[in-house]
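Everything on this sheet refers to the single structure shown next.
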Amino acid sequence: MKKTILSVHNLLFQRAAKTYLEVQDLSLYKSEILGIIGPNGAGKSTLIKLMSFLESQSSGTIQFEGAPYTAASIPLAIRRELAVVMQQSLLLDTTAAKNVSSGLKLRKIPRSIIKERTEYWLEQLSISHLANRNARFLSGGEAQRVNLARALVLQPKILFMDEPFSALDYPSKVKLLKDLKPLLQETETTAVFVSHDLEEIKFLTDRLAVLINGKLGQIGCTADVLNSPAENTKHFLNGMVLN
Ligand SMILES: Nc1ncnc2c1ncn2[C@@H]1O[C@H](COP(=O)(O)OP(=O)(O)OP(=O)(O)O)[C@@H](O)[C@H]1O
């Protein structure tokens, strides 16, 4: 049976008396890659911020490994088991290697292990040659590889990615996706991936959630959702296929 690592129940996100997100039930299974798609403003980024405990819900529960937390209550040690990569994650104004090792330093990992793990992940993401280059001078694709290495070096239990490839040119994106998928599989990292790109979604994700107007319109195996859209997701999904 699939093991749930994170679950959402009766989740509500409201600001200034307006409801932006309302998700009754959503489970994230261990080692799966869950995609989230939906129109602009549907609540995808909000959902990822809530699931990664960066933002507090108005009501409802989010449980990580069976225990409920909010952004305000989550202990630092638990927060550190979750990593987030955004479209434009900010890199520190230092070398690529130091960016990758920064999280390990904060966790007071011994220096020899930091060196070994940093070199390993630079290598895994094919950026060893950039180790001593200042992050300010990296291209968008190179910077996103550093961001992913910086997240994966922490061996997170869940990796949240919010449109991480949307600024990359097509060949860079394809190459990075092809590098990333086996890395996630080998490390059995659970991942949540927001994207507007059907090719990315088809290639990377096991299951797919479709958000429409702040509500979960459909969730299921990615191929099933795309081949058999539900009544309320049909309009959006058919439009995506046509594009
Ligand atoms: N802290 C906040 N205060 C007020 N409104 C917010 C807040 N966070 C999100 N929203 C609103 O929630 C709605 C959903 O935003 P969100 O960024 O989650 O959508 P999205 O599906 O990721 O959109 P896109 O595809 O355009 O990136 C938007 O109308 C946004 O303005």
Side-chain angles (χ1 to χ4, degrees), residues 6-28 33-62 64 69-74 79 82-90 140-141 143-144 147-148 151 158-170 173 176-177 190-205 207-220 222 225-226 229-230 232-243:
L6 186 140
S7 64
V8 163
H9 188 57
N10 285 342
L11 185 67
L12 206 61
F13 178 81
Q14 298 171 312
R15 289 295 181 266
K18 193 170 171 351
T19 299
Y20 289 105
L21 194 72
E22 190 176 357
V23 175
Q24 255 134 38
D25 283 295
L26 173 63
S27 292
L28 178 64
I33 307 179
L34 175 71
I36 304 178
I37 54 170
N40 288 130
K44 303 177 297 296
S45 296
T46 305
L47 181 58
I48 231 176
K49 280 185 210 150
L50 293 170
M51 288 170 85
S52 58
F53 303 103
L54 290 176
E55 180 112 48
S56 283
Q57 65 265 39
S58 306
S59 61
T61 51
I62 307 174
F64 171 61
Y69 303 107
T70 66
S73 76
I74 189 166
R79 177 182 293 287
L82 311 172
V84 184
V85 174
M86 306 283 196
Q87 183 184 348
Q88 267 156 356
S89 297
L90 291 178
Q144 257 340 29
N147 272 317
L148 285 167
I158 308 178
L159 173 63
F160 295 92
M161 295 176 279
D162 192 353
E163 298 191 52
F165 311 129
S166 58
L168 306 192
D169 63 57
Y170 187 75
K173 178 162 72 182
L176 185 44
L177 275 166
T190 309
V192 181
F193 178 68
V194 169
S195 174
H196 281 286
D197 185 321
L198 265 193
E199 265 190 70
E200 291 179 5
I201 290 284
K202 278 188 206 161
F203 180 74
L204 203 59
T205 67
R207 284 197 310 147
L208 183 57
V210 189
L211 272 187
I212 307 278
N213 283 336
K215 294 194 172 152
L216 194 55
Q218 191 174 5
I219 184 164
T222 300
V225 171
L226 295 178
N232 54 345
T233 60
K234 211 180 246 176
H235 180 71
F236 170 70
L237 288 174
N238 287 345
M240 277 195 94
V241 175
L242 286 177
N243 289 331

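Remember, it's 1-based here, ligands and their atoms both numbered in the order they're listed. The first residue in the sequence is number 1, and the count goes up from there. Note that the structure is predicted; figures quoted are calculated from it, not measured.
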Atoms of ligand 1 less than 4.0 Å from T46 heavy atoms? 9 (C), 14 (C), 15 (O), 16 (P), 18 (O)
Does the plane of the ring in F193 sit parallel, tilted or perpendicular to the ring in F165? Use 30° and 60° as the thresholds. tilted
Specify the protein heavy atom at minimum distance from atom 23 (O) of ligand 1: its residue, its atom name, and the distance to 0.1 Å. G41 N, 2.8 Å
In the protein, which heavy atom is nearest to atom 31 (O) of ligand 1, and how far is it? Y20 CE2, 4.5 Å
More than 12 non-hydrogen atoms from neighbouring residues, nucleotides or ligands closer than 6.0 Å to CG on D197, yes or no? yes
In terms of residue, atom name and distance, what is the protein heavy atom nearest to atom 2 (C) of ligand 1? R15 CG, 3.8 Å
How far does CD1 of I62 sit from CD of Q57, to the nearest 0.5 angstrom? 4.0 Å
If you take the nearest heavy atom of each of A42, G43, P39, S45, which one is closest to atom 17 (O) of ligand 1? S45
among protein heavy atoms, the one nearest atom 24 (P) of ligand 1 is N40 ND2, 3.6 Å
Quick one: does atom 27 (O) of ligand 1 have a protein heavy atom under 4.0 Å from it? yes
At a 4.0 Å cut-off, with the gap strictly under it, does some heavy atom of E163 reach an atom of ligand 1? yes
If you count the atoms of ligand 1 from 1 in the order shown, which ones are under 4.0 Å from a heavy atom of H196? 25 (O)
NZ-OG1 distance between K215 and T19, expressed to the nearest 0.5 angstrom: 8.5 Å
Distance (rounded to the nearest 0.5 Å) between N40 CG and H196 NE2: 4.5 Å
Distance in Å, T233 OG1 paired with N238 CG, rounded so as to fall on 0.5 Å steps: 8.5 Å
Return the residue, atom name and 0.1 Å-rounded distance of the protein heavy atom closest to atom 21 (O) of ligand 1. K44 NZ, 2.7 Å
Interatomic spacing from CD1 in I37 to CD in Q218 - rounded to 0.5 Å: 9.0 Å
